[in-house]
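Given the structure is predicted, the values throughout are model-derived calculations rather than measurements.
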Amino acid sequence: MIVSVLWTWSVFLYAMSGANTDTVFVSRSGIDSPLCGTDTAPCGTLYQASVLVNAMNATAIETAVITVLDGQNETEIVRHLSAADTGGYDPCLPVPFSVELAIEIVFDALQITVMSDWYPSVCPDTNTIYANEYLFEGGQSLSLRNLVVNDYTITDDSYYPIIKGSFEYFNTSVACHDCVFERIVSSVTNAEKPLIYSRVSLELRNSKFT
């Protein structure tokens, strides 16, 4: 596992749910729309959830949470692929998050036990036609919980490195709690694209690497 941290401070800064927090839900049964994201009407893709998060009013919301209940809706992913309506971003992934917000992404640990539960086989295997650089990137801080990445091979032109904190925000930090990384192979030749990148600090708590 290759990670990169430019600087490490003694105090780790990461997003915590609490006051001034808004949550967007994603589910296999969800349908993407400008109004999706509630627990009773979830979005179908991480892409749409991230679009809604980036549209939040940063003066009123400090932390945005995306909760993935049981995965993404494959029908919605295919619809986006056919329509090419994601502004050049991969419809299976969140767009880079605004540095105006602290970001938390939480996967339901009971429903999501392997990567294919949240990243289905209909997702594109190329990384050359979309603007994404990582599976998850950006945010004032970026915290993930119960993320599973397994049996995953990354090359210069297929799939993506895993997590990248924002480079633009000076105090950015990355956390992954209770995450699982298994059988990951990377042959990426660009040394500036480690599997996990954080500019200030990186916390991997209760996470498994095999």
Side-chain angles (χ1 to χ4, degrees), residues 1-4 24 26-28 30-33 36 42-55 66 68 70-99 103 105 107 112-139 142 144 146-168 174 176 179-199 209-210:
M1 175 69 66
I2 301 173
V3 299
S4 176
V24 179
V26 176
S27 172
R28 291 182 181 179
I31 303 296
D32 284 353
S33 78
C36 69
C43 296
T45 65
L46 283 164
Y47 162 76
Q48 181 62 27
S50 66
V51 169
L52 297 179
V53 163
N54 281 349
I66 294 178
V68 184
D70 55 3
Q72 303 189 76
N73 186 330
E74 295 187 23
T75 300
E76 286 295 276
I77 292 171
V78 171
R79 180 176 66 81
H80 286 306
L81 287 170
S82 299
D85 61 356
T86 57
Y89 289 98
D90 191 318
C92 288
L93 302 176
V95 302
F97 291 104
S98 167
V99 296
I103 304 296
I105 303 174
F107 296 85
I112 299 175
T113 59
V114 294
M115 187 175 184
S116 58
D117 287 337
W118 70 268
Y119 192 77
S121 59
V122 297
C123 292
D125 60 3
T126 179
N127 62 23
T128 61
I129 62 175
Y130 297 108
N132 308 72
E133 294 185 357
Y134 278 71
L135 294 177
F136 306 95
E137 55 188 301
L142 183 55
L144 296 98
N146 304 320
L147 171 66
V148 180
V149 179
N150 62 343
D151 299 306
Y152 186 59
T153 299
I154 312 157
T155 70
D156 285 332
D157 56 9
S158 66
Y159 298 108
Y160 305 89
I162 303 170
I163 306 169
K164 180 183 180 182
S166 172
F167 189 81
E168 293 83 3
V174 168
C176 207
C179 299
V180 176
F181 304 98
E182 296 178 319
R183 299 176 296 279
I184 298 172
V185 177
S186 175
S187 60
V188 175
T189 57
N190 186 348
E192 296 183 358
K193 284 192 174 182
L195 292 180
I196 301 174
Y197 169 91
S198 177
R199 177 168 180 165
F209 299 85
T210 58

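In this structure, the separation between CZ on Phe97 and CD1 on Ile66 is 4.0 Å, given to the nearest 0.5 Å. We find the CG-CG distance between Asn190 and Asp156 to be 7.5 Å, quoted to the nearest 0.5 Å. Expressed to the nearest 0.5 Å, how far CG of Leu195 lies from OH of Tyr197 amounts to 14.5 Å. A distance of 6.5 Å separates OG1 in Thr126 from CG in Asp157, rounded to the nearest 0.5 Å. The distance from atom CD1 of Ile162 to atom CG of Leu147, rounded to the nearest 0.5 Å, is 7.0 Å. Distance check: Ile163 CD1 to Leu144 CG gives 5.0 Å after rounding to the nearest 0.5 Å.
The side-chain heavy atoms of Ile112 and Asn146, taken from C-beta on, include no pair separated by under 4.5 Å. Looking at heavy atoms from C-beta onward, Pro96 lies in side-chain contact with Tyr89 at the 4.5 angstrom threshold. Residues Pro91 and Tyr130 meet the side-chain proximity criterion, which asks for heavy atoms closer than 4.5 Å. Counting heavy atoms from C-beta outward, Trp118 and Leu46 have side chains that approach closer than 4.5 Å. With contacts defined as side-chain heavy-atom distances shorter than 4.5 Å, the pair Val26/Gln48 does not qualify. The shortest side-chain heavy-atom distance between Leu135 and Leu93 falls under the 4.5 Å cut-off. The shortest side-chain heavy-atom distance between Cys176 and Phe181 falls under the 4.5 Å cut-off.
Judged by distance alone, with hydrogens and angles left aside, the side-chain atoms of Tyr159 form no donor-acceptor pair with the main-chain N or O of Ser186 at under 3.5 Å. Side-chain N or O atoms of Glu182 include none that pairs as donor or acceptor with a backbone N or O of Asp151 at under 3.5 Å.
Annotation for Pro120 and Glu74: closest pair CB-OE2, 3.5 Å, computed over non-hydrogen atoms. The shortest non-hydrogen separation linking Cys123 to Ile77 is SG-CD1, 4.2 Å. Nearest heavy-atom pair across Gln72 and Cys92 is NE2-O, 2.9 Å. The shortest non-hydrogen separation linking Asn150 to Arg183 is ND2-NH2, 4.1 Å. Across Phe136 and Pro94, no two heavy atoms sit closer than the pair CD2-CG, 3.7 Å. When all heavy atoms are compared, the tightest approach of Gly30 to Glu76 is O-CG, 3.8 Å.
With no hydrogens or angles considered, a side-chain donor-acceptor pair links Asp32 and Thr45 at under 3.5 Å.
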Practice task
Determine, step by step, whether Tyr160 and Lys193 satisfy the side-chain contact (heavy atoms from CB on, under 4.5 Å) criterion, reporting the C-alpha distance in whole Å, the side-chain angles of both residues, the deciding distance to 0.1 Å, and the verdict.
Solution key: CA-CA 9 Å; Tyr160 305 89; Lys193 284 192 174 182; over 6 Å; no
Problem - Step-by-step side-chain contact (heavy atoms from CB on, under 4.5 Å) determination, Asn73 to Ile31 - result: CA-CA 8 Å; Asn73 186 330; Ile31 303 296; 4.0 Å; yes
Practice task
Could you please spell out the steps behind the side-chain contact (heavy atoms from CB on, under 4.5 Å) verdict for Arg28 and Asp117?
Solution key: CA-CA 9 Å; Arg28 291 182 181 179; Asp117 287 337; 3.4 Å; yes
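Each of Asp85, Thr86, Thr75, Asp90 was scored for a side-chain hydrogen bond (donor to acceptor under 3.5 Å, both in side chains) with His80, with one residue passing: Asp85.
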